[in-house]
Student: 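To start, I am sharing the structure in question, which I have written as structure tokens.
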Number of protein chains: 2
Amino acid sequence: MKLSQRGEYALRAVLVLGMNHGSGVVRIRDIAQQQNIPRRFLEQILNDLKSAGFVLSKRGVAGGYRLQRGPNEISLADIIRHLEGPLAPVGCVSVNYYQRCSCPDEGACAIRSVMQEVRDAIVGVLEGVSVAHLCERVRDLQGPLENPLDYII
Amino acid sequence: MKLSQRGEYALRAVLVLGMNHGSGVVRIRDIAQQQNIPRRFLEQILNDLKSAGFVLSKRGVAGGYRLQRGPNEISLADIIRHLEGPLAPVGCVSVNYYQRCSCPDEGACAIRSVMQEVRDAIVGVLEGVSVAHLCERVRDLQGPLENPLDYII
DNA sequence: TAGAATCCCGACCTTTTTAGTCAAGTATCG
DNA sequence: CGATACTTGACTAAAAAGGTCGGGATTCTA
């Protein structure tokens, strides 16, 4: 039931971009430094997020990344699904990535019905939280600061 | 956010033992056949469940496995935790297997607070379902049958 | 228009995990 | 005794995880 390191890094990076939304692009280097993420690895991840349409990039000297859509249009579920595949604990209860399992009778499988509930619980939380919500939480958790740049994400 | 094949097999096997609780032991072979689980692999898994104290075994001709504790004393959370480790999606919100993560300030980490909720949601379901509950669901899902042996799990 | 900064892309690498398999041994029943 | 089951530990192949690296393509600025 694990989120991979890659997935966690992606969320942290997106959150940084969320906090800086509206004020130009942010460099990979800065995100990596602030978040303790290996720079080269983060490059790879952001590239992936870019081809998935979550972020945009700008090349050259004043280059960097920013969110493509608004922070309130991206849910954590979206991001994690793209990076990790199904949110469901087993394929046979996944809505987006259904896969039949090897049990004798799927329709009457009790384990499946429990996993269904687990899936719904997970999705319920993750669909309900957008990047914008996440940014709000950052502000709530850290109290009001003078300078937006001082927020530690 | 995945349950491994091994974990799924374990749950299925335990459920079979749950359904047969009180009527002696069940052979590996029978569980494997009924549940489409590779026999040798299942041996390994049951052994693991045995050393963890979930099941007991009996050797020899009329040998097999049965639950060690009562079906209502074993929750799915227990089993999965033993097999897969933490239920939490990230180590920094795990109660039983806590591990610090690399983010700058864990206390004020917004992602962590969301993952906390995800963890609680997962644990909420899985702690609440015992093997006995699972057996009930089997009966509910399949309707009342003549012979207890006819239940397909 | 050169050069520095930045993203871009694909290949590569190492370690760990997953999903099994297998052989030989030990206990038990009849 | 001998057939039947569990026991134990080693072994393996394939995939995933977690990165690293070199060199290319853009863009800004002096």
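These numbers come from the heavy atoms of this one structure, side chains and all, not from hydrogens, waters or symmetry mates. Every chain is numbered from 1 and lettered A, B, ... according to where its sequence line falls, protein lines coming before strand lines.
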Student: Nearest-Å distance, CZ (A:R27) to C1' (D:dT27)?
Tutor: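 My rounded result for the distance is 14 Å.
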
Student: Using a strict heavy-atom distance below 4.0 Å, which residues from residues 87-102 of chain A are in contact with DNA chain D?
Tutor: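 None, since no heavy atom is under 4.0 Å.
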
Student: Whole-Å distance between C:dT18 P and A:K2 NZ?
Tutor: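 Nearest whole value for this atom pair: 12 Å.
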
Student: Whole Å only: how far is the CD atom of B:E43 from the C1' atom of C:dT26?
Tutor: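 The answer, rounded to whole Å, is 13 Å.
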
Student: Quickly work out the B:L3 CG to C:dT17 P distance and round it to whole Å.
Tutor: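 Interatomic distance, CG of B:L3 to P of C:dT17: 17 Å.
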
Student: Round to the nearest Å and state the distance from A:F41 atom CZ to C:dC8 atom C1'.
Tutor: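 Rounded to whole Å, this separation is 17 Å.
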
Student: Do A:D30 and A:Q34 come close enough that some side-chain heavy atom pair is under 4.5 Å?
Tutor: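 Answer no - side chains too far apart.
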
Student: Less than 4.5 Å apart, any side-chain heavy atom of A:E8 and any of A:S4?
Tutor: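 SC-SC contact between A:E8 and A:S4 ruled out.
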
Student: May I ask you to verify if any side-chain N or O of A:S4 is less than 4.0 angstrom from the OP1 or OP2 atom of D:dA16?
Tutor: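 Indeed not, no polar side-chain atom of A:S4 lies that close.
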
Student: In whole Å, what is the span from the CD1 atom of A:I45 to the C1' atom of C:dC8?
Tutor: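 From A:I45 CD1 to C:dC8 C1': 15 Å.
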
Student: On DNA chain D, check which nucleotide each of A:G60 and A:Q44 is closest to and give me the residue with the more 5' one.
Tutor: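 It is A:Q44, whose closest nucleotide lies nearer the 5' terminus.
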
Student: Once you round it to whole Å, what is the distance between C1' of C:dA5 and CZ of A:R29?
Tutor: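 Value for this atom pair: 8 Å.
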
Student: Are B:F54 and B:R69 close enough that some pair of their side-chain heavy atoms sits under 4.5 Å apart?
Tutor: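 Side-chain contact under 4.5 Å: yes.
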
Student: Minimum heavy-atom separation for B:P86 and B:S94, please, with both atom names.
Tutor: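 Here B:P86 and B:S94 meet closest at CB-OG, 3.8 Å.
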
Student: Please state whether the phosphate of D:dG19, meaning OP1 or OP2, lies under 4.0 angstrom from any side-chain nitrogen or oxygen of A:Y9.
Tutor: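 The answer is yes; a side-chain N or O of A:Y9 sits under 4.0 Å from OP1 or OP2.
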
Student: Is there a side-chain contact between B:L67 and B:P71 in this structure, where contact means two heavy atoms from C-beta onward sitting under 4.5 Å apart?
Tutor: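 In contact.
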
Student: Quick one: does B:Q68's side chain get under 4.5 Å of B:K50's, heavy atoms only?
Tutor: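 With C-beta onward as the side chain, the pair stays apart.
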
Student: Answer yes or no: does a side-chain N or O of B:K50 lie under 4.0 Å from OP1 or OP2 of D:dT7?
Tutor: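 Checking D:dT7 against B:K50, a side-chain N or O does come within under 4.0 Å of OP1 or OP2.
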
Student: Classify the nucleic acid contact of B:R6 as base, sugar-phosphate or nothing, counting any heavy atom under 4.0 Å across all strands shown.
Tutor: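 Sugar-phosphate, no base atom in range.
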
Student: Report the residue (A:P38 or A:V61) whose heavy-atom-nearest nucleotide on DNA chain D is the more 5′ of the two.
Tutor: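 Checking each residue's closest nucleotide, the 5'-ward one belongs to A:P38.
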
Student: Taking any heavy-atom pair under 4.0 Å as a contact, classify A:I28: base, sugar-phosphate, or nothing.
Tutor: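 Sugar-phosphate, no base atom in range.
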
Student: If the cut-off is 4.0 Å, is A:N47 near the phosphate of C:dC7, judged by side-chain N/O to OP1 or OP2?
Tutor: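 No, because none of the side-chain N or O atoms of A:N47 sits under 4.0 Å from OP1 or OP2 of C:dC7.
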
Student: Does the base of D:dG22 carry an N or O that pairs as donor and acceptor with the side chain of A:R40 under 3.5 Å?
Tutor: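 Answer is yes: a donor-acceptor pair is held.
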
Student: Please check if atom CD in A:E127 has more than 12 non-hydrogen atoms from other residues, nucleotides or ligands closer than 6.0 Å.
Tutor: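 Count over threshold, so yes.
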
Student: Is there side-chain contact between A:L3 and A:E84, with at least one heavy-atom pair below 4.5 Å?
Tutor: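 Yes, their side chains come closer than 4.5 Å.
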
Student: For A:Y65 and C:dC8, is the shortest distance between a side-chain N/O and OP1 or OP2 below 4.0 Å?
Tutor: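 A:Y65 to C:dC8 OP1/OP2: side-chain N or O found under 4.0 Å.
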
Student: Take the C1' atoms of the five end pairs on each side of the helix from C:dT1-D:dA30 to C:dG30-D:dC1, derive the two axes, and give their angle rounded to 10 degrees.
Tutor: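 For the helix from C:dT1-D:dA30 to C:dG30-D:dC1, the axes at either end differ by 10°.
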
Student: Can you tell me how far P of C:dG20 sits from CD1 of B:I37, to the nearest Å?
Tutor: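 Going from CD1 in B:I37 over to P in C:dG20 covers 10 Å.
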
Student: Is the backbone of A:A32 close enough, under 3.5 Å, to the side chain of A:Y9 for a donor and an acceptor to pair up by distance?
Tutor: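 Not a single qualifying donor-acceptor pair exists.
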
Student: As an exercise, state the distance from CZ of A:R12 to SG of B:C103, rounded to the nearest 0.5 Å.
Tutor: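 So the gap between those two atoms works out to 5.5 Å.
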
Student: If only side-chain N and O atoms of B:R59 are considered, is one of them under 4.0 Å from the OP1 or OP2 phosphate oxygen of C:dT28?
Tutor: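 No, outside the criterion.
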
